[in-house]
Amino acid sequence: MGCAMRVTVVGGGVVALITAVECVLSGHQVAVVDRGPLPARPATAFGQHRIMAALNPADFAGTAAGLRAQHRWGELEELFSARLYERVGALSLMPPPAATEGAALLAEAGGRARALTADGLAGRYPHLNLGGGRGAVLEEGAGVLLTDRVLAAAVGWLRWQPGVELHPYRPVASVDGESGAVRLVNGDVLRGDVALVAAGARSRGLLPPVITEQLTLHRTSLLHCRVPRRQAAAWASTPPVAGLGATGGAWLVPPVAGGALTLGSTTPRHPAGELTGVAAEAGRQRRLESGFGDLLPGFGPDWITRAEHHITLSFAEPGGPGPAALGGAGYAYAVCGSTSLTYAPLIARSLADRLTDAAPSPTGLSALDRP
């Protein structure tokens with residue numbers, strides 16, 4: 001390892017914090033600055049939970065990357081001495097021929113999976129009306145990432161490391177990519193050797209146009225639900241399910257680790273540059289309730305304890321659009337809620353390598369592995 005560097009990480013989400021952890025593990029000094037608290041509330045629209053499924057249909061490299069990310073999450077659990085990942089499996093709905101191909105792809109990449117027919121789904125999960133003659137891939141090593149625990153554990157670990165500074169509630173005004181200096185809204189300047197901007201939907205004004213022009217904003221709606229007592233046993237053995245609904249844009253996360261049953265759906269809304277308010281939309285909630293009423297027998301408004309509506313960034317390729325150099329002393333990375341969490345440990349290692357002049361670790365994600 002070369003000389004220790006001073007790295008400033010702008011952002012308090014999962015990618016930012018795990019990148020800070022990777023920099024510390026490589027022997028560097030780190031400052032983390034965010035406009036909100038540290039740890040922050042889960043910064044993605046997936047709330048407390050995130051489905052951790054490795055399968056990327058017809059993409060061997062992306063699927064293998066997903067499996068490596070799952071392994072790294074296990075290593076981070078050991079580092080933080082915290083349970084971050086509930087390995088309850090995961091279902092990805094798709095036509096039966098695609099399910100057979102998907103299970104074979106996962107097996108080739110080193111994962112454990114099986115293809116289920118429509119009859120097999122009905123027999124295993126009678127409390128779900130998945131219907132439509134579709135099959136599914138059941139990933140046995142997949143599960144649910146507990147996002148709130150990741151944030152809390154990462155900050156808790158960083159807080160006790162020498163050479164680490166945490167700066168909550170300090171909004172950033174600008175980043176000088178030539179010097180690595182980060183100027184705060186109050187006029188203070190954090191000086192280091194290099195800076196990383198890990199920005200999401202609300203802070204993407206700090207990203208360069210070369211990144212923002214590749215992004216799309218999505219409005220994501222969540223319903224947090226209380227499972228009826230009579231169905232508690234059935235839900236206890238239910239994995240998270242992706243690919244729900246007519247368009248395949250809906251998902252559910254079962255009640256794990258004391259959490260609620262979470263139902264979600266994402267719909268493209270605006271091109272990047274037109275961020276609007278995220279207040280709960282009664283009409284959208286009613287449409288979501290109606291859609292899940294067809295999927296969950298007996299579901300109704302009495303199940304719902306809370307509704308949320310968020311704005312997230314998305315990018316066509318897994319892992320996000322890749323980092324962009326900010327002069328000679330900084331990088332910017334757009335945190336896309338739809339993919340960045342799944343691959344966060346791989347993204348963080350690659351970003352940490354770039355920041356500290358190490359050869360970037362290959363991730364298997366084309367956007368990140370470009371020079």
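As a basis for the values below, the full set of heavy atoms in this structure was taken, side chains included, without hydrogen atoms, waters or symmetry mates.
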For residues 93-116, tabulate all N or O donor-acceptor pairs below 3.5 Å that involve a side-chain atom, not counting sequence neighbours.
unit_1, atom_1, unit_2, atom_2, d
Thr100, OG1, Pro96, O, 3.3
Arg112, NH1, Glu140, OE1, 3.1
Arg114, NE, Glu140, OE2, 3.0
Arg114, NH2, Glu140, OE2, 2.9

With no hydrogens and no angle check, just 3.5 Å: does a side-chain donor-acceptor pair link Arg349 and Ser26?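 Yes, Ser26 and Arg349 have a side-chain donor paired with an acceptor closer than 3.5 Å.
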When you compare the side chains of Asp353 and Ser350, does any donor N or O come within less than 3.5 Å of an acceptor on the partner? no
Shared ILVMFWY cluster between [X] and [Y], side chains joined below 4.5 angstrom?
X      : Y      : answer
Met5   : Val189 : no
Leu158 : Ile18  : yes
Val30  : Val150 : yes
Ile51  : Val137 : no
Tyr343 : Leu67  : no

Is a donor on one side and an acceptor on the other found under 3.5 Å between the side chain of [X] and the backbone of [Y]?
X      : Y      : answer
Thr356 : Ala352 : yes
His224 : Ala260 : no
Glu75  : His71  : no
Arg35  : Val172 : no
Trp73  : Arg68  : no
Gln161 : Val24  : no
Asn129 : Leu295 : no
Thr63  : Asn56  : yes
Asp59  : Gly62  : yes

Under a 4.0 Å threshold between the charged nitrogen and the carboxylate oxygen, would [Y] count as salt-bridged to [X]?
X      : Y      : value
Arg226 : Asp302 : no
Glu165 : Arg6   : no
Glu77  : Arg87  : yes
Glu289 : Arg287 : no

Show your reasoning for whether side-chain contact (heavy atoms from CB on, under 4.5 Å) applies to Ile347 and Tyr333. CA-CA 10 Å; Ile347 295 168; Tyr333 177 78; 3.2 Å; yes
Show, in sequence, the C-alpha distance, side-chain angles and deciding distance for Asp188 and Arg183, and conclude whether the salt bridge (Lys or Arg N to Asp or Glu O under 4.0 Å) test is met. CA-CA 6 Å; Asp188 291 346; Arg183 184 173 297 277; over 6 Å; no
So which heavy atom on [X] is nearest to which on [Y], and how close?
X      : Y      : result
Pro239 : Ser237 : CD-O, 3.7 Å
Ile304 : Cys225 : CG1-SG, 4.1 Å
Leu222 : Gly264 : CD2-CA, 3.9 Å
Arg83  : Tyr85  : NE-O, 3.4 Å
Tyr169 : Pro37  : OH-CB, 3.2 Å
Ala334 : Leu215 : CB-CD1, 3.8 Å

Are the side chains of [X] and [Y] in touch, meaning some heavy atoms are under 4.5 Å apart?
X      : Y      : answer
Leu355 : Tyr331 : yes
His127 : Thr238 : yes
Leu17  : Val32  : yes
Leu38  : Leu151 : no
Tyr125 : Leu91  : yes
Ser340 : Val14  : no
Glu86  : Leu146 : yes
Leu296 : Leu263 : yes

Take Val144 and Val88, measure what side-chain contact (heavy atoms from CB on, under 4.5 Å) needs, and give me the verdict at the end. CA-CA 7 Å; Val144 178; Val88 294; 4.0 Å; yes
From [X] [atom1] over to [Y] [atom2], what is the distance, rounded to the nearest 0.5 angstrom?
X      : Y      : atom1 : atom2 : value
Asp193 : Arg191 : CG    : CZ    : 12.5 Å
Trp251 : Ser92  : CH2   : OG    : 13.5 Å
Thr262 : Arg50  : OG1   : CZ    : 13.0 Å
Leu190 : Arg170 : CG    : CZ    : 6.0 Å
Ser203 : Asp34  : OG    : CG    : 8.0 Å
Thr305 : Leu261 : OG1   : CG    : 9.0 Å

Working note: Val33 + Val9, criterion side-chain contact (heavy atoms from CB on, under 4.5 Å); need CA distance, chi angles, decisive distance, verdict. CA-CA 6 Å; Val33 57; Val9 177; over 6 Å; no
Please step through side-chain contact (heavy atoms from CB on, under 4.5 Å) for the pair Thr147 and His49, ending with a clear verdict. CA-CA 6 Å; Thr147 314; His49 300 148; 5.7 Å; no
